[in-house]
Student: 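Right, I'll just put the structure down here and ask away after.
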Amino acid sequence: MTDVRKRHTVAIVGAGAAGTLTAVQLCETAHRRRTPLDLVLIDPAPEAGRGTAYATRDPRHRLNVPAGNMSAYPDDPGHFVRWLCRHGEPTVTGADFATRYRYGAYLADTLGQAVVRAHGTVAVRRLRTLAESCTGTPDGRVELHLADGGPLAVDSAVLATGPAGAGAGWAPPALRTSPRFVGTPWAPDVLDPVRDSLDDVLLVGTGLTAVDLALTLDRPGRTVHALSRSGLLPQPHALGPAGTMTAPDGLDDTSLGRLRRAVYRHVSRSVRTHGDWRPGLDSLRPHTARLWRSLTPEEREEFLAREGALWNTHRHRMAPATAEHLSRARTARRLHVHTGTVLRATDTEDGSLAVELSNGQVLHVGWVLDCTGPGRRPDTPLWQALFAAGLAVPGPLGMGVATHDGQLADARGRLTGPLFTLGAPRRGELWETTAIPEIRVQAAELAQRLLPLPARRRGSRRPVDGQGLPLSTHAGAAAAYRSGLDRVLKVRSGAEDAFARAVALDPGFALGHAALALLGHECAAAVDVPRALADAQRSARERADERERSFVDVITRRVTGDDGDEALVRHLRAHRGDALALAAAVPTIAFSGVSDLQDDDALRLLDLTSPAYDGHWFHTSLLAFLRQEQGRLHEAGELAHRALAAEPASGHAVHALAHVHYESGAHEAGRDWLDGWVSGRGRGAVHRAHFSWHIALHELALDDPDAVRRRWFAQLAPGRVVSGVRALVDSGSLLWRARVSDSWQGDFPVAGVLEAVQRDVLERPQTAFTALHAAVALTAAGDLAALRRLRDHAAGADEVQREVVAPLCEAFAALVEERFREAARGLDALLPVLRRVGGSAAQREVVEETLLYALVSDGRCEAARRQTAQHGPVLGVGEGEGHLRDEVVGRVAGVVP
């Protein structure tokens, strides 16, 4: 293991996928842990990340794993898909199959980004040469001897050399020496003469290599033959999701015979349940290495002989588009698959080869290509030198090399020095170890071993946040975090930048990453949320106290929809002074809050946390907001003024007072006071558009449509002054409310609202609160197709979206189609549960006003008045709201026949 007190050097031999993934993890781990590192990447290839698999430029060569399973990071599964979306493929999904060349570009770019982020901590050198041998040094290091003659002493070396080359031991001597035999079909330019001819071709092997070459060489007038002992081609992936299963019981401590029967029963159950064998087989993937290790050497040999080919063709599948191409070629008889082996090959008078097969056939072909797959053990000059010196020995069954959790071991199981490997060389130990999902995990584990955590200095005092809670970081990052937290509590702009500065100063600061993930998830800040979340989780595992780990877990659950609200409440009960958690829990202006938090529950939460704040203006402003939600407007106003006296920039207190004015019907006073604040102290408010929205609500209530239009264009127009989620929540909502109340005449600029919001936010929102406002904007635009896509997303999202947003989309769709009675029925049914989406009663009013519009449009004006009287208390109607609803009904009734 390395010593974190000095700078260390790690060499990675091989810059293909395994080497690149290892380099990425080493860069990011060193950066996060602030461990100085010299990283040397040794490979003669011109570009890192490609290796043999991802260097092909043929667009028909696709990954044999969906993009959603090809992330470089085991804890950030969507990373590759997001990269594709940012690099010219905005509609790609996790179920798509990208080209191999694109994936190579992704690996190279991911490494480049990791190197840039780690600059100052990690120094990276790229040596375009070969490592030919390796010896130990007296001080326990290793010295690599390079092909260009230079030695390189390093503290540890990772041999990421990929699969061994094919041995061609199956080929008769006359074939191996023939110029018509291609033993390394992936070598640069070696296929050029084959492509340029129209001669028939024999591919020996029917695995994924043969599939790729069959695509490349397929053309009219040529027959491609593929030969293997089994005659089996890889199975295709399913066209769509086939379901999921868990592995069956009874897999442990069993013989190969019992294991075989258990697996076949499990796969049969998968077919009966899902109509597909794939879910059953896929459920075994996490257990494959353990099951392989549990077998005796004899049982492993038996498995390879009896089930090896069957396993490989079902486990390692091809993309559906690839399967379709092969099917067309077979139907057109341009591709023939044979079962057998090559007995002999002879030259013919016309210069072709006559190849005799064990099944009695003789094929006349111009070329024979070796597609039999990797050899049993690595065969580069470096590996040969290690085998010769006893520093490496073959692994089980002669496959790969022997290791102890990736560190090379000798024939007696003793570690042979700081030499490590991953991927294909571990095949004998793990069996399934050549795919990206396995290699990325091994790369992350290697980084953890090579760069252990620095020891915490005893007696050192940790800095604290604004409430005095300790932070697991240094003083500079803590100061930036406090600035960000203060801005969140005041609802001021700049919080995202402050938190980003905190993690730039300390990349291992878990709370900083979690705060960024929260802002990205809840407020649509320009944050890569899954990435920030993964960084928070890694950092929390390495350096965080119990409170910080709990907070990271809360944000993880909120983002993933896994019991996030309950986890947040539990966290606050244990950590009452956590102001950021309290801000996220109470639905006000910054966050949507806990969706099922009733007024009494919220008040109990504030009572519980009150001793930790001792009358602090932030806690007081939250209490003011909850009091107005209860209809206790006078008390809410007093609390808001008390908070503002202590902190005039408190956005939460201003927000509470805005609601007090609105609910009490003090529209002129509320308009004038809030307009003055927005023009003064509110100029730095992060949600300035929301305060303008409140002013516009007063102007709506005062029946001043000209003022509403001026306000909208000056302070709420998307693109110029408002963007992102605020364009939905404020600009779009106001526009629709003005429309249904007949307060907006002329051009209806809803298209600008939709253009200001990313398509994912509109059709695949992360929170029910955002989804509600996306539905409103799409309804205003009359976009039925997008409304239905939003409904479909909500039906598969979290519980609140499933139970509230999905039926809301149905009701809105009925409204767009002028099925007013059906729309009214659907909206009415949702009013009692609407508060689950979060936000304030004033924000949720848009649904009730739409209901009134539907009723009046259906000719039921009296029903609209009764609806207002009946459901007002459910929505938290205050003293002024009933009067406003009467105005809405009256205005709509005046323009709808």
Student: Quick one, Arg317 with Asp282, criterion salt bridge (charged side-chain N to carboxylate O under 4.0 Å, His left out). Give me CA distance, side-chain angles, the key distance, then yes/no.
Tutor: CA-CA 11 Å; Arg317 302 167 207 149; Asp282 292 345; 2.5 Å; yes
Student: If only side-chain N and O atoms count, and only distance matters, is there a donor-acceptor pair under 3.5 Å linking His145 with Thr135?
Tutor: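 Note: Thr135 and His145 side chains meet the donor-acceptor criterion.
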Student: Could you go step by step and tell me if Thr434 and His316 meet the side chain to side chain donor-acceptor pair (under 3.5 Å) rule?
Tutor: CA-CA 10 Å; Thr434 59; His316 302 285; 5.1 Å; no
Student: For the pair Asp199 (side chain) and Val194 (backbone), establish whether a donor and an acceptor sit closer than 3.5 Å, ignoring hydrogens and angles.
Tutor: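 No, because the side chain of Asp199 does not come within donor-acceptor range (under 3.5 Å) of the backbone of Val194.
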Student: Assess the side chains of Thr161 and Trp383: does a donor N or O sit below 3.5 Å from an acceptor N or O?
Tutor: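 A donor-acceptor contact under 3.5 Å links the two side chains.
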Student: Quick one: do Asp75 and Arg538 make a salt bridge, cutoff under 4.0 Å?
Tutor: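 The answer is yes: the pair qualifies as a salt bridge.
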Student: Is the NZ or CZ atom of Arg377 both under 6.0 Å from the centre of the six-membered ring of Phe387 and within 45° of that ring's axis?
Tutor: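 Yes.
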Student: Could you tell me whether the side chain of His237 and the main chain of Pro320 form a donor-acceptor pair under 3.5 Å?
Tutor: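 No: the side chain of His237 does not pair with the backbone of Pro320.
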Student: For Thr20 and Ala15, indicate whether the former's side chain and the latter's backbone hold a donor-acceptor pair under 3.5 Å.
Tutor: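 Flag set: sc Thr20 to bb Ala15 pair under 3.5 Å.
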Student: Side chains of His404 and Glu429: do they bring a donor and an acceptor to under 3.5 Å?
Tutor: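 Per modelled atom types, His404 and Glu429 side chains form no pair under 3.5 Å.
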Student: Looking at SG of Cys134 and CG of Leu386, how far apart are the two atoms once the value is rounded to the nearest 0.5 Å?
Tutor: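 Going from the SG atom of Cys134 to the CG atom of Leu386 covers 5.5 Å.
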Student: Just by distance, with hydrogens left out, do Asp218 and His325 show a side-chain donor and acceptor under 3.5 Å apart?
Tutor: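 Yes, side-chain donor-acceptor contact under 3.5 Å.
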Student: Between Asp276 and Arg278 (salt bridge meaning N to carboxylate O under 4.0 Å), is one present in this structure?
Tutor: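 Salt bridge flag = yes for Arg278 with Asp276.
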Student: Any luck finding a side-chain donor-acceptor pair between Asp370 and Thr372 under 3.5 Å?
Tutor: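 Judged by distance alone, the side chains do pair up.
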Student: Donor-acceptor check, side chain of Ser268 to backbone of Tyr264, threshold 3.5 angstrom: yes or no?
Tutor: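 Side chain of Ser268 to backbone of Tyr264, a donor-acceptor pair under 3.5 Å: yes, one is there.
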Student: Judged by modelled atom types alone, do Trp367 and Ser197 share a side-chain donor-acceptor pair under 3.5 Å?
Tutor: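 Result is yes, a qualifying pair exists.
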Student: Under a 3.5 Å distance rule, please check whether Thr206 uses its side chain to pair with a backbone N or O of Ala226 as donor and acceptor.
Tutor: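 Between the backbone of Ala226 and the side chain of Thr206 there is no qualifying donor-acceptor contact (under 3.5 Å).
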Student: Indicate, with yes or no, if the rings of Phe80 and Tyr103 have centres closer together than 6.0 Å.
Tutor: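 Between Tyr103 and Phe80, which both carry aromatic rings, the centre distance is below 6.0 Å.
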Student: Taking Arg62 first and then Asp212, would you say they form a salt bridge - that is, a charged N and a carboxylate O separated by under 4.0 Å?
Tutor: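 So Arg62 does not pair with Asp212 through a salt bridge.
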Student: Can a donor-acceptor pair be found, under 3.5 Å and without considering hydrogens, that links the side chain of Thr184 to the backbone of Trp186?
Tutor: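 Not at all, since once roles are kept as given, no pair shorter than 3.5 Å links the two residues.
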Student: Do Thr216 and His61 meet the criterion of a side-chain donor-acceptor pair at a distance under 3.5 Å?
Tutor: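 Yes.
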Student: Applying side chain to side chain donor-acceptor pair (under 3.5 Å) to Asp58 and Thr56, what does each step give before you reach the verdict?
Tutor: CA-CA 6 Å; Asp58 192 329; Thr56 171; 5.5 Å; no
Student: Take Glu438 and Arg285 through the salt bridge (charged side-chain N to carboxylate O under 4.0 Å, His left out) test and state the conclusion after the steps.
Tutor: CA-CA 10 Å; Glu438 283 77 32; Arg285 183 168 191 164; 2.8 Å; yes
Student: Could you check Val10 against Leu26 for side chain to side chain contact (heavy atoms under 4.5 Å, CB included), going step by step and ending with a plain yes or no?
Tutor: CA-CA 9 Å; Val10 176; Leu26 284 170; 3.9 Å; yes
Student: Would you mind telling me which of Leu175, Thr348, Thr346 makes a side chain to side chain contact (heavy atoms under 4.5 Å, CB included) with Leu353?
Tutor: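 Passing option: Leu175.
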Student: Do the side-chain N and O atoms of Thr433 and Gln442 include a donor-acceptor pair separated by under 3.5 angstrom?
Tutor: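 The criterion, which ignores hydrogens and geometry beyond distance, is satisfied for Gln442 and Thr433.
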Student: Please name the pair of heavy atoms, one in Gly14 and one in Leu41, separated by the smallest distance, quoted to 0.1 Å.
Tutor: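 Scanning both residues, the minimum pair turns out to be O-CD1, 4.0 Å.
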Student: Does Thr416 reach the main-chain N or O of Leu391 with its side chain, forming a donor-acceptor pair under 3.5 Å?
Tutor: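 Confirmed, Thr416 side chain pairs with Leu391 backbone.
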Student: Could you check Glu301 against Arg306 for salt bridge (charged side-chain N to carboxylate O under 4.0 Å, His left out), going step by step and ending with a plain yes or no?
Tutor: CA-CA 9 Å; Glu301 286 278 20; Arg306 289 185 54 179; over 6 Å; no
Student: For the residue pair Tyr54 / Arg100, report whether a side-chain donor-acceptor contact shorter than 3.5 Å exists.
Tutor: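 Tyr54 and Arg100 do not have a side-chain donor-acceptor pair below 3.5 Å.
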Student: Is there a donor-acceptor contact under 3.5 Å from the side chain of Arg376 to the main chain of Leu397?
Tutor: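 Indeed, once roles are kept as given, a pair shorter than 3.5 Å links the two residues.
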Student: Is there a donor in the side chain of Gln407 and an acceptor in the side chain of Arg449, or the other way round, less than 3.5 Å apart?
Tutor: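 Yes, a side-chain donor-acceptor pair sits under 3.5 Å.
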Student: Backbone N or O of Gly366 within a donor-acceptor pair of the Arg180 side chain at under 3.5 Å?
Tutor: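 Side chain of Arg180 to backbone of Gly366: a pair is present.
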Student: Any side-chain to backbone donor/acceptor pair from Glu299 onto Thr296? Under 3.5 Å, distance only.
Tutor: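 Yes, because the side chain of Glu299 sits within donor-acceptor range (under 3.5 Å) of the backbone of Thr296.
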Student: I'd like to know if the side chain of Gln25 pairs up with that of Tyr73 as donor and acceptor (distance under 3.5 Å, no hydrogens or angles considered).
Tutor: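 No, Tyr73 and Gln25 have no side-chain donor paired with an acceptor closer than 3.5 Å.
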Student: Evaluate the side-chain proximity of Leu63 to Thr99: yes if any heavy-atom separation is below 4.5 Å, no if none is.
Tutor: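 No, their side chains stay 4.5 Å or more apart.
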Student: Are Trp431 and His287 close enough that their ring centers fall under 6.0 Å?
Tutor: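 Not under 6.0 Å, so no.
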